[in-house]
Amino acid sequence: MATKVYAVIDTNVIVSALISNNTESFPLSVMANVYSGAITPVFNNEIVNEYREVLSREKFHLDPKDIDLALKTITSYGLNLDRTKVTGENFPDPKDIVFYEVKMR
(Lines give C-alpha, C1' and ligand atoms only; values in the text may rest on other atoms or scores of the structure.)
Protein backbone atom coordinates (compact mmCIF):
# COMPACT_ATOMS: atom_id res chain seq x y z
CA MET A 1 0.00 0.00 0.00
CA ALA A 2 1.39 3.40 -0.99
CA THR A 3 2.05 6.02 1.68
CA LYS A 4 -0.12 9.11 1.44
CA VAL A 5 1.98 12.21 0.74
CA TYR A 6 0.85 15.64 1.91
CA ALA A 7 2.75 18.72 0.72
CA VAL A 8 2.54 22.47 0.67
CA ILE A 9 3.32 23.31 -2.94
CA ASP A 10 5.51 26.37 -3.37
CA THR A 11 4.21 28.90 -5.87
CA ASN A 12 7.42 28.64 -7.90
CA VAL A 13 6.85 24.91 -8.38
CA ILE A 14 3.46 25.57 -9.95
CA VAL A 15 4.82 28.36 -12.16
CA SER A 16 7.74 26.20 -13.30
CA ALA A 17 5.46 23.26 -14.03
CA LEU A 18 3.10 25.39 -16.12
CA ILE A 19 5.84 27.05 -18.17
CA SER A 20 8.14 24.04 -18.54
CA ASN A 21 8.77 22.40 -21.88
CA ASN A 22 10.75 19.63 -20.19
CA THR A 23 8.37 16.72 -19.58
CA GLU A 24 10.84 15.29 -17.04
CA SER A 25 11.25 18.44 -14.92
CA PHE A 26 10.83 18.02 -11.17
CA PRO A 27 8.15 20.74 -10.87
CA LEU A 28 6.12 19.08 -13.62
CA SER A 29 6.52 15.74 -11.84
CA VAL A 30 5.26 17.27 -8.59
CA MET A 31 2.20 18.73 -10.28
CA ALA A 32 1.55 15.49 -12.20
CA ASN A 33 1.48 13.75 -8.81
CA VAL A 34 -0.95 16.37 -7.50
CA TYR A 35 -3.23 15.85 -10.53
CA SER A 36 -3.07 12.05 -10.13
CA GLY A 37 -3.79 12.18 -6.40
CA ALA A 38 -0.40 10.79 -5.35
CA ILE A 39 0.31 14.08 -3.55
CA THR A 40 -2.37 15.78 -1.51
CA PRO A 41 -1.71 19.52 -1.51
CA VAL A 42 -2.04 21.42 1.76
CA PHE A 43 -3.11 25.06 1.51
CA ASN A 44 -5.14 27.86 3.00
CA ASN A 45 -6.87 30.88 1.46
CA GLU A 46 -3.74 33.06 1.71
CA ILE A 47 -1.74 30.51 -0.26
CA VAL A 48 -4.42 30.12 -2.94
CA ASN A 49 -4.62 33.91 -3.27
CA GLU A 50 -0.85 34.05 -3.75
CA TYR A 51 -1.00 31.27 -6.34
CA ARG A 52 -3.66 33.14 -8.31
CA GLU A 53 -1.87 36.50 -8.09
CA VAL A 54 1.50 35.12 -9.18
CA LEU A 55 0.19 32.78 -11.87
CA SER A 56 -1.85 35.62 -13.37
CA ARG A 57 1.18 37.84 -13.87
CA GLU A 58 1.50 38.89 -17.49
CA LYS A 59 5.20 38.00 -17.63
CA PHE A 60 4.40 34.27 -17.41
CA HIS A 61 1.92 34.28 -20.32
CA LEU A 62 -0.05 31.46 -18.73
CA ASP A 63 -3.35 30.34 -20.17
CA PRO A 64 -6.12 31.22 -17.71
CA LYS A 65 -7.58 27.73 -18.26
CA ASP A 66 -4.32 26.17 -17.05
CA ILE A 67 -4.30 28.43 -14.01
CA ASP A 68 -7.92 27.56 -13.20
CA LEU A 69 -7.26 23.82 -13.61
CA ALA A 70 -4.23 23.94 -11.30
CA LEU A 71 -6.08 25.92 -8.64
CA LYS A 72 -9.26 23.87 -8.93
CA THR A 73 -7.27 20.64 -8.56
CA ILE A 74 -5.41 21.94 -5.51
CA THR A 75 -8.54 23.27 -3.79
CA SER A 76 -10.77 20.31 -4.72
CA TYR A 77 -8.42 17.50 -3.73
CA GLY A 78 -6.19 19.19 -1.17
CA LEU A 79 -6.56 20.02 2.49
CA ASN A 80 -7.53 23.55 3.47
CA LEU A 81 -5.90 24.03 6.88
CA ASP A 82 -5.64 26.92 9.30
CA ARG A 83 -2.25 28.38 10.11
CA THR A 84 -0.46 27.24 13.24
CA LYS A 85 1.44 30.22 14.63
CA VAL A 86 5.18 29.60 14.75
CA THR A 87 7.52 31.81 16.75
CA GLY A 88 11.28 31.88 17.01
CA GLU A 89 11.89 31.00 13.37
CA ASN A 90 13.82 33.30 11.04
CA PHE A 91 12.56 33.47 7.46
CA PRO A 92 14.44 35.28 4.67
CA ASP A 93 11.07 36.30 3.21
CA PRO A 94 8.41 36.85 5.91
CA LYS A 95 5.66 36.40 3.30
CA ASP A 96 6.68 32.71 3.04
CA ILE A 97 5.91 31.93 6.68
CA VAL A 98 2.33 31.00 5.72
CA PHE A 99 3.69 28.03 3.77
CA TYR A 100 5.50 26.84 6.87
CA GLU A 101 2.71 27.53 9.32
CA VAL A 102 0.02 25.75 7.32
CA LYS A 103 2.07 22.55 7.21
CA MET A 104 2.76 22.60 10.94
CA ARG A 105 -0.81 21.56 11.74
Side-chain angles (χ1 to χ4, degrees):
M1 179 191 230
T3 303
K4 191 73 171 166
V5 175
Y6 297 88
V8 179
I9 310 297
D10 186 79
T11 310
N12 291 321
V13 171
I14 302 171
V15 170
S16 295
L18 292 177
I19 65 174
S20 179
N21 291 322
N22 178 357
T23 58
E24 296 183 23
S25 74
F26 289 116
L28 193 56
S29 176
V30 168
M31 288 307 294
N33 280 289
V34 168
Y35 290 131
S36 75
I39 293 175
T40 300
V42 177
F43 65 93
N44 70 10
N45 291 338
E46 288 175 82
I47 291 172
V48 172
N49 289 340
E50 176 178 319
Y51 289 161
R52 183 169 302 285
E53 188 274 320
V54 172
L55 295 172
S56 298
R57 290 179 183 166
E58 186 61 36
K59 69 180 179 179
F60 295 124
H61 306 287
L62 295 174
D63 186 327
K65 292 178 188 175
D66 292 336
I67 295 169
D68 288 342
L69 176 60
L71 297 181
K72 184 178 239 178
T73 300
I74 289 168
T75 58
S76 295
Y77 299 107
L79 293 175
N80 187 349
L81 301 177
D82 293 328
R83 291 172 75 161
T84 301
K85 187 73 172 161
V86 174
T87 59
E89 297 290 334
N90 186 15
F91 289 87
D93 185 349
K95 292 187 303 183
D96 288 341
I97 196 168
V98 64
F99 289 88
Y100 186 76
E101 288 181 339
V102 77
K103 77 132 185 100
M104 295 300 295
R105 185 137 165 72

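These figures come from a predicted structure and were not determined experimentally. Atom set for the values below is all heavy atoms of this structure, side chains included, hydrogens, waters and symmetry mates excluded. FYI, the numbering just counts along the sequence from 1.
Rounding to the nearest 0.5 angstrom, the gap separating the CD1 atom in Ile19 from the CG atom in Leu28 is 11.5 Å. Note that the OH atom of Tyr6 and the CG atom of Leu79 stand 6.0 Å from one another [nearest 0.5 Å]. Separating the CD atom in Glu101 from the CG atom in Leu81 is a distance of 12.5 Å, to the nearest 0.5 Å.
The 12-atom threshold is exceeded at CZ of Phe91, counting heavy atoms of other residues, nucleotides or ligands nearer than 6.0 Å. When the shell of 6.0 Å around CD of Glu24 is examined, it contains 12 or fewer heavy atoms from other residues, nucleotides or ligands.
In this structure, the side chains of Thr75 and Phe43 come closer than 4.5 Å at one or more pairs of heavy atoms. Contact check for Ile74 versus Ile14: side-chain heavy atoms found under the 4.5 Å cut-off. Annotation: side chain of Asn44 is not in contact with side chain of Asp82 (no heavy-atom distance under 4.5 Å).
For Ala32, there are no side-chain contact (heavy atoms from CB on, under 4.5 Å) partners two or more places apart in sequence or in a different chain. By the side-chain contact (heavy atoms from CB on, under 4.5 Å) test, Val30 is found to be paired with Ile9, Val13, Ile39, residues two or more places apart in sequence or in another chain being considered. Every side-chain contact (heavy atoms from CB on, under 4.5 Å) that Asn12 has, sequence neighbours left out, goes to Asp10. For Ser20, the side-chain contact (heavy atoms from CB on, under 4.5 Å) partners are Asn22, Ser25, not counting sequence neighbours.
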key: Working for side chain to side chain contact (heavy atoms under 4.5 Å, CB included), residues Val5 and Thr40   = CA-CA 6 Å; Val5 175; Thr40 300; over 6 Å; no
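Counting only residues at least two apart or on different chains, the salt bridge (charged side-chain N to carboxylate O under 4.0 Å, His left out) pairs with a member in residues 31-50 are Glu46-Arg83.
When all heavy atoms are compared, the tightest approach of Asn33 to Ser29 is ND2-O, 2.8 Å. Nearest heavy atom pair, residue Met31 against residue Ala17, reads CG-CB, 3.5 Å.
Placement of Phe26 and Phe99 in two distinct hydrophobic clusters is found when ILVMFWY residues are connected by side-chain heavy-atom separations under 4.5 Å, directly or transitively.
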Pair up each side-chain donor or acceptor in residues 58-72 with any protein partner under 3.5 Å, not counting sequence neighbours, and list the distances.
residue: His61; atom: ND1; partner: Glu58; partner atom: O; Å: 3.4
residue: Asp63; atom: OD1; partner: Lys65; partner atom: N; Å: 2.8
residue: Asp68; atom: OD1; partner: Arg52; partner atom: NH1; Å: 3.4

